Number of protein chains: 2
Amino acid sequence: MGDKQQDSVERPADGNKNQTSDSLPTDEDKHKKKGDPNKLTLLTWNIDGLDLDDIKERLSRLLDYLIEYHPDIVLLQEVISPIYQVLQQVLKPYHVLPGSDRSYFTAILLRKSRVQLLESSIVNYPTTKMRRNLLMAYVSFLGHPLCVMTSHMESMKPQSLERQNQLRTVWKTMREQPQDHNVIFGGDTNLRDWEVKNQGGLPEGICDVWESLGQPEDCRYTWDCVTNDNKDLPFPARLRFDRLFLRQAGKGSKVSPDGMTLVGLERLDDCQRFTSDHWGLLCTFVMKPLSQATPE
Amino acid sequence: MGDKQQDSVERPADGNKNQTSDSLPTDEDKHKKKGDPNKLTLLTWNIDGLDLDDIKERLSRLLDYLIEYHPDIVLLQEVISPIYQVLQQVLKPYHVLPGSDRSYFTAILLRKSRVQLLESSIVNYPTTKMRRNLLMAYVSFLGHPLCVMTSHMESMKPQSLERQNQLRTVWKTMREQPQDHNVIFGGDTNLRDWEVKNQGGLPEGICDVWESLGQPEDCRYTWDCVTNDNKDLPFPARLRFDRLFLRQAGKGSKVSPDGMTLVGLERLDDCQRFTSDHWGLLCTFVMKPLSQATPE
DNA sequence: AATCCAAGAGCG
DNA sequence: AATCCGCTCTTG
């Protein structure tokens, strides 16, 4: 309800299935809880823009999801130019920041009413064979300085070595940010668990958000060909490719993981496929003031 | 023999080309240079004590090599208890320091007349499945404090992850030594080049001695089943398993790589096999006083 | 004491 | 624009 006043999104065509509920007490409580304005909501999603089959319906559903969840920050991978154009034109409440202008690329979407863009930059992976990079946005969220990053790291098993190079770059870049910044990375890492072990595990000061939340089984596999048949693979494969890393600020308010859920689990009406071969990861964070932090 | 007085046995030519040129009688100078008492000589060798075939002849030849080259420091891997007993009883000029007392293990031999043992210790690899460890000796060489290390790191391809754990431990331990110590690691690392790349390459301050010497082809492969048929493998495989790492002291005299050559290239008279399936690496180092060091 | 390499094909 | 997993086995 109060939704309208703040962040209603314009859409050209609407098959409005997911309307915000009206005034039932329980629903309103729920809505209030879900819409806690102090929480930061972030969605990361590889939308498989390289798969052009059923792209219209899939893109339409993607927009529905974005409007439904209206995350404060959206991190997308495998965006292609036509999709980028639509995002820019349709998602008026968002600032759309592309990671490149050719082939396929990443994008950061910032909900203008909640997140102010201060600066953006790109870190190159010097040895990528797939034109991948690390896209960064310095923003202000409720007055707190925040650094947001996304990347679509080198794909496929044989590129393990390059992928691990990129992982080191990501972690190093996160650790180099100013101490008063919380730093959130989200993206399609293409990581296998053994590759993280291979790097000696998570470095000091960086956590894997899914692990911090207790490794919930229901959002472990973000690329799940057991359930998701978009790729029609003849074997069962499920991996946790999409991950979120967090480096908390060393002073000031700290961002802490609060919840995580998969997005995109519904088959589309027409083609009966899914929005992407990846699930999206919708994550909420709470801001913890310094006073609540554990004393040393 | 004339050996008695000190250390007058000849060595193989060392691979370095940067000889300081003199203008005098050749043979005597050469001999003097080769036996330069200011140089540190070090041999590292996996002697394949797990292969019991022809062990008597192979051990006998090993002793010959040690006596011939009389290195200041010897780092051995795959020593077994009976071999250890012989080394201790026969090599009177050496202090023999074992890395364990069961199964097969490493050993550090220190030439008493040149190298004084100050202290020794062992660093455990917490997750080794093969009882491997890192054996260390703190010594004094010509009055300079020196830390010498050896290890036989986790073997075989499938143990890559554990091996990389161990590599990080080795490098970390080397870097943690006092700044006035030169630190030399030598051993059978079982490393593939891509595993080093996987760790982001050599860390700041540590060099690979073979690389520092310009990657001489004639001592690249220390496990060379093309030439060495001790294992009678039905395929050609050659790898640089045995490596030396150096962390120079940050103050005082610095140890610098001077030359490197393979050892054990001759077939034994009787069995016509080699001393080990690995070649040994005989390496010389020079001490560079602070005054000769590159200014910052 | 045995093993041991690396790249590629075929399978579920 | 086409890929995509991980395991075992075979081959040189």
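Convention: sequence-line order gives letters A, B, ...; per-chain numbering from 1. All values reported here derive from a predicted model rather than from experimental measurement.
- Of the N and O atoms on the side chains of B:Q199 and B:E195, not one donor lies less than 3.5 Å from an acceptor on the other residue.
- Taking the nucleotide of DNA chain C with the nearest heavy atom to each of B:Y104 and B:P236, the more 5' of the two is matched to B:Y104.
- Going from the P atom of D:dC9 to that of C:dT3 covers 15 Å, rounded to whole Å.
- Note: CG (B:N46) to P (C:dC4) measures 14 Å, nearest angstrom.
- Checked options A:Y69, A:Y65, A:W279; the residue passing with A:W45 is A:Y65 (criterion: ring-ring contact (aromatic ring centres under 6.0 Å, His included)).
- In this structure, B:E195 atom CD and C:dC5 atom P are separated by 11 Å, rounded to whole Å.
- Set against D:dT3, C:dC5, D:dA1, the side chain of A:S103 has D:dA1 as its closest nucleotide.
- By the criterion of a centre-to-centre distance under 5.5 Å and near-parallel planes under 30°, the ring of A:F235 forms no stack with the base of C:dC11.
- Taking atom CG of B:D277 as the reference point, atom P of C:dA2 lies 16 Å away to the nearest angstrom.
- Residue contacts for B:K157: at a heavy-atom cut-off of 4.0 Å it reaches the sugar-phosphate backbone alone, with no base atom in range.
- Using a 4.0 Å heavy-atom criterion, one finds that A:L52 contacts no nucleic acid atom at all.
- For the pair A:P234 and B:P158, both in contact range of DNA chain C, the more 5′-proximal nearest nucleotide belongs to B:P158.
- Defined by atom type and a distance below 3.5 Å, a donor-acceptor pair is present between the side-chain atoms of B:Q77 and B:T44.
- We find that CD of A:E78 is positioned 11 Å from C1' of D:dA2, with the value rounded to whole Å.
- Note on A:F241: nothing from the nucleic acid sits closer than 4.0 angstrom, heavy atoms only.
- Comparing the P positions of C:dA1 and D:dT11 gives a spacing of 32 Å, expressed to the nearest Å.
- Separating the CG atom of B:D224 from the C1' atom of C:dC5 is a distance of 12 Å, rounded to the nearest angstrom.
- Separation of the P atoms belonging to D:dT10 and C:dC4 is 16 Å when rounded to the nearest angstrom.
- Defined by atom type and a distance below 3.5 Å, a donor-acceptor pair is missing between the side-chain atoms of B:W223 and B:D242.
- If you measure from atom CG of B:N230 to atom P of C:dA2, you get 18 Å, rounded to the nearest angstrom.
- Residue-level contact check: A:L50 touches the bases, meaning some heavy atom is under 4.0 Å from a base atom.
- In this structure, B:R238 reaches neither bases nor backbone, as no heavy-atom distance under 4.0 Å exists between it and the strands shown.
- As a whole-Å value, the separation of A:W194 CH2 from D:dC5 P is 11 Å.
- With D:dT3, D:dC5, C:dA6 as the candidates, the nucleotide lying closest to the side chain of A:K231 is D:dT3.
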Please determine whether salt bridge (charged side-chain N to carboxylate O under 4.0 Å, His left out) holds for the pair B:E162 and B:R132, giving the CA-CA distance in whole Å, both sets of side-chain angles, and the decisive distance to 0.1 Å. CA-CA 11 Å; B:E162 171 59 19; B:R132 308 298 171 81; over 6 Å; no

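- Separating the CG atom of A:L233 from the P atom of C:dG12 is a distance of 16 Å, rounded to the nearest angstrom.
- Using modelled atom types, one finds a donor on one side chain and an acceptor on the other under 3.5 Å when comparing A:T128 with A:E154.
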